> 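Take a look at the following structure, please.
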Amino acid sequence: MLNQKVKDLINDQINKEMYSSYLYLNVGNYYAEQGLNGFSSWFRKQANEELEHAVKFIDYLHDQNENVQLLSIESPKHQFKDAKEPLVLTLEHEQYVTSLINGIYQAALDAHDYRTTHFLDWFIGEQTEEEKTAQDLLNKYDHFVTNAKALYQLDLELSKR
Ligand code: FEO
(Lines give C-alpha, C1' and ligand atoms only; values in the text may rest on other atoms or scores of the structure.)
Protein backbone atom coordinates (compact mmCIF):
# COMPACT_ATOMS: atom_id res chain seq x y z
CA MET A 1 0.00 0.00 0.00
CA LEU A 2 1.32 3.39 -0.99
CA ASN A 3 1.55 6.52 1.11
CA GLN A 4 -1.64 8.52 0.36
CA LYS A 5 0.17 11.60 -0.95
CA VAL A 6 2.41 9.52 -3.24
CA LYS A 7 -0.61 7.62 -4.51
CA ASP A 8 -2.58 10.82 -5.18
CA LEU A 9 0.34 12.43 -7.02
CA ILE A 10 0.77 9.35 -9.22
CA ASN A 11 -2.96 9.28 -9.92
CA ASP A 12 -2.77 12.98 -10.93
CA GLN A 13 0.27 12.25 -13.07
CA ILE A 14 -1.79 9.80 -15.13
CA ASN A 15 -4.00 12.77 -16.02
CA LYS A 16 -0.98 14.97 -16.81
CA GLU A 17 0.43 12.33 -19.16
CA MET A 18 -2.98 11.97 -20.83
CA TYR A 19 -3.07 15.75 -21.19
CA SER A 20 0.44 15.64 -22.72
CA SER A 21 -0.85 13.10 -25.22
CA TYR A 22 -3.85 15.30 -25.97
CA LEU A 23 -1.62 18.36 -26.29
CA TYR A 24 0.71 16.70 -28.80
CA LEU A 25 -2.14 15.13 -30.74
CA ASN A 26 -3.60 18.61 -30.99
CA VAL A 27 -0.27 20.11 -32.11
CA GLY A 28 -0.06 17.33 -34.70
CA ASN A 29 -3.52 18.29 -35.93
CA TYR A 30 -2.46 21.94 -36.18
CA TYR A 31 0.56 21.04 -38.33
CA ALA A 32 -1.49 18.69 -40.51
CA GLU A 33 -3.93 21.55 -41.10
CA GLN A 34 -0.96 23.72 -42.15
CA GLY A 35 0.18 21.06 -44.64
CA LEU A 36 3.26 20.19 -42.54
CA ASN A 37 2.82 16.43 -42.46
CA GLY A 38 6.33 15.65 -41.16
CA PHE A 39 5.79 17.83 -38.08
CA SER A 40 2.34 16.30 -37.70
CA SER A 41 3.66 12.75 -37.84
CA TRP A 42 6.43 13.59 -35.33
CA PHE A 43 3.90 14.95 -32.83
CA ARG A 44 1.51 12.08 -33.35
CA LYS A 45 4.30 9.67 -32.38
CA GLN A 46 5.02 11.87 -29.37
CA ALA A 47 1.33 11.70 -28.40
CA ASN A 48 1.53 7.88 -28.50
CA GLU A 49 4.58 7.94 -26.21
CA GLU A 50 2.69 10.06 -23.71
CA LEU A 51 -0.15 7.56 -23.67
CA GLU A 52 2.45 4.86 -22.91
CA HIS A 53 3.69 6.99 -20.00
CA ALA A 54 0.15 7.22 -18.60
CA VAL A 55 -0.20 3.44 -18.86
CA LYS A 56 3.10 2.91 -17.02
CA PHE A 57 1.73 4.92 -14.08
CA ILE A 58 -1.58 3.01 -14.20
CA ASP A 59 0.28 -0.32 -14.17
CA TYR A 60 2.43 0.83 -11.26
CA LEU A 61 -0.62 1.69 -9.15
CA HIS A 62 -2.18 -1.66 -10.00
CA ASP A 63 1.05 -3.47 -9.16
CA GLN A 64 0.81 -1.86 -5.70
CA ASN A 65 -2.80 -3.07 -5.41
CA GLU A 66 -4.10 0.51 -5.67
CA ASN A 67 -7.14 1.72 -7.62
CA VAL A 68 -6.94 4.27 -10.43
CA GLN A 69 -9.32 7.20 -10.75
CA LEU A 70 -9.22 8.65 -14.26
CA LEU A 71 -9.86 12.40 -14.27
CA SER A 72 -11.19 14.75 -16.96
CA ILE A 73 -8.67 15.85 -19.57
CA GLU A 74 -8.37 19.58 -20.17
CA SER A 75 -8.84 20.83 -23.72
CA PRO A 76 -5.52 22.03 -25.18
CA LYS A 77 -4.97 25.36 -26.94
CA HIS A 78 -5.64 24.96 -30.66
CA GLN A 79 -4.71 28.25 -32.30
CA PHE A 80 -1.06 29.15 -32.77
CA LYS A 81 0.40 32.32 -34.25
CA ASP A 82 3.01 30.47 -36.32
CA ALA A 83 4.73 27.09 -36.76
CA LYS A 84 7.28 27.90 -34.06
CA GLU A 85 4.85 28.54 -31.19
CA PRO A 86 3.96 24.86 -30.58
CA LEU A 87 7.68 24.04 -30.34
CA VAL A 88 8.16 26.63 -27.58
CA LEU A 89 5.04 25.31 -25.85
CA THR A 90 6.42 21.76 -26.07
CA LEU A 91 9.69 22.68 -24.37
CA GLU A 92 7.88 24.61 -21.62
CA HIS A 93 5.45 21.73 -21.15
CA GLU A 94 8.24 19.16 -20.80
CA GLN A 95 9.99 21.37 -18.23
CA TYR A 96 6.72 21.48 -16.32
CA VAL A 97 6.37 17.69 -16.49
CA THR A 98 9.91 17.32 -15.17
CA SER A 99 8.95 19.47 -12.16
CA LEU A 100 5.93 17.22 -11.54
CA ILE A 101 8.01 14.04 -11.68
CA ASN A 102 10.52 15.63 -9.31
CA GLY A 103 7.64 16.46 -6.96
CA ILE A 104 6.47 12.84 -6.87
CA TYR A 105 10.05 11.70 -6.35
CA GLN A 106 10.43 14.06 -3.38
CA ALA A 107 7.13 12.90 -1.85
CA ALA A 108 8.29 9.27 -2.20
CA LEU A 109 11.62 10.11 -0.58
CA ASP A 110 9.83 11.86 2.30
CA ALA A 111 7.73 8.69 2.77
CA HIS A 112 10.86 6.46 2.60
CA ASP A 113 9.16 4.79 -0.35
CA TYR A 114 12.22 3.55 -2.25
CA ARG A 115 10.19 1.26 -4.46
CA THR A 116 8.50 4.30 -5.96
CA THR A 117 11.74 6.27 -6.33
CA HIS A 118 13.19 3.26 -8.14
CA PHE A 119 10.15 3.17 -10.44
CA LEU A 120 10.45 6.92 -11.05
CA ASP A 121 14.11 6.66 -12.06
CA TRP A 122 12.97 5.69 -15.56
CA PHE A 123 10.89 8.86 -15.80
CA ILE A 124 13.74 11.03 -14.51
CA GLY A 125 15.91 9.75 -17.39
CA GLU A 126 13.03 10.04 -19.84
CA GLN A 127 12.50 13.70 -18.94
CA THR A 128 16.14 14.49 -19.68
CA GLU A 129 15.57 13.00 -23.12
CA GLU A 130 12.20 14.69 -23.65
CA GLU A 131 13.55 18.14 -22.77
CA LYS A 132 16.61 17.62 -24.97
CA THR A 133 14.49 16.50 -27.91
CA ALA A 134 12.18 19.51 -27.53
CA GLN A 135 15.15 21.89 -27.24
CA ASP A 136 16.87 20.31 -30.29
CA LEU A 137 13.74 20.71 -32.37
CA LEU A 138 13.40 24.35 -31.35
CA ASN A 139 17.10 24.97 -32.09
CA LYS A 140 16.76 23.41 -35.54
CA TYR A 141 13.79 25.62 -36.22
CA ASP A 142 15.62 28.75 -35.06
CA HIS A 143 18.84 27.96 -36.91
CA PHE A 144 17.51 26.65 -40.18
CA VAL A 145 14.01 27.88 -40.82
CA THR A 146 14.69 31.14 -42.62
CA ASN A 147 12.36 30.55 -45.54
CA ALA A 148 9.66 28.23 -46.88
CA LYS A 149 12.22 25.88 -48.45
CA ALA A 150 14.01 25.37 -45.13
CA LEU A 151 10.67 24.70 -43.39
CA TYR A 152 9.89 22.12 -46.07
CA GLN A 153 13.26 20.40 -45.52
CA LEU A 154 12.79 20.25 -41.76
CA ASP A 155 9.29 18.87 -42.32
CA LEU A 156 10.84 16.14 -44.49
CA GLU A 157 13.41 15.32 -41.78
CA LEU A 158 10.73 15.03 -39.09
CA SER A 159 8.71 12.65 -41.24
CA LYS A 160 11.55 10.11 -40.75
CA ARG A 161 11.13 9.75 -36.98
FE1 FEO B 1 5.51 12.00 -20.41
FE2 FEO B 1 6.74 14.13 -22.32
O3 FEO B 1 6.58 13.42 -20.62
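Just so it is clear, the model here is predicted, and its values are computed rather than measured. We count ligands from 1, going down the list as the structure has it; atoms in each ligand are counted the same way. The first residue in the sequence is number 1, and the count goes up from there. Computation of the quantities below employed the complete heavy-atom set of this structure, encompassing side-chain atoms and omitting hydrogens, waters and symmetry-equivalent molecules.
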> Hydrogens and angles aside, do Tyr60 and Thr116 bring a side-chain donor and acceptor to less than 3.5 Å of each other?
yes
> Charged N to carboxylate O below 4.0 Å: is that the case for Lys56 and Glu17?
no
> Restricting to N, O or S atoms of Glu130, which is nearest to atom 2 (Fe) of ligand 1?
OE1
> Spell out, as yes or no, whether a donor-acceptor pair under 3.5 Å connects the side chain of Glu50 to the backbone of Tyr24.
no
> Report the atom name of the nearest N/O/S atom of His53 relative to atom 1 (Fe) of ligand 1.
ND1
> If you consider just the N/O/S atoms, which atom of Glu50 is the closest one to atom 2 (Fe) of ligand 1?
OE2
> Checking only N/O/S atoms, does Glu94 have one that is under 2.8 Å from atom 2 (Fe) of ligand 1?
yes
> Tell me if the centroids of the rings in Phe119 and Phe57 come within less than 6.0 Å of each other.
yes
> Taking the six-membered ring where the residue is Trp, are the ring centres of Tyr30 and Phe39 under 6.0 Å apart?
no
> Restricting to N, O or S atoms of Glu17, which is nearest to atom 1 (Fe) of ligand 1?
OE1
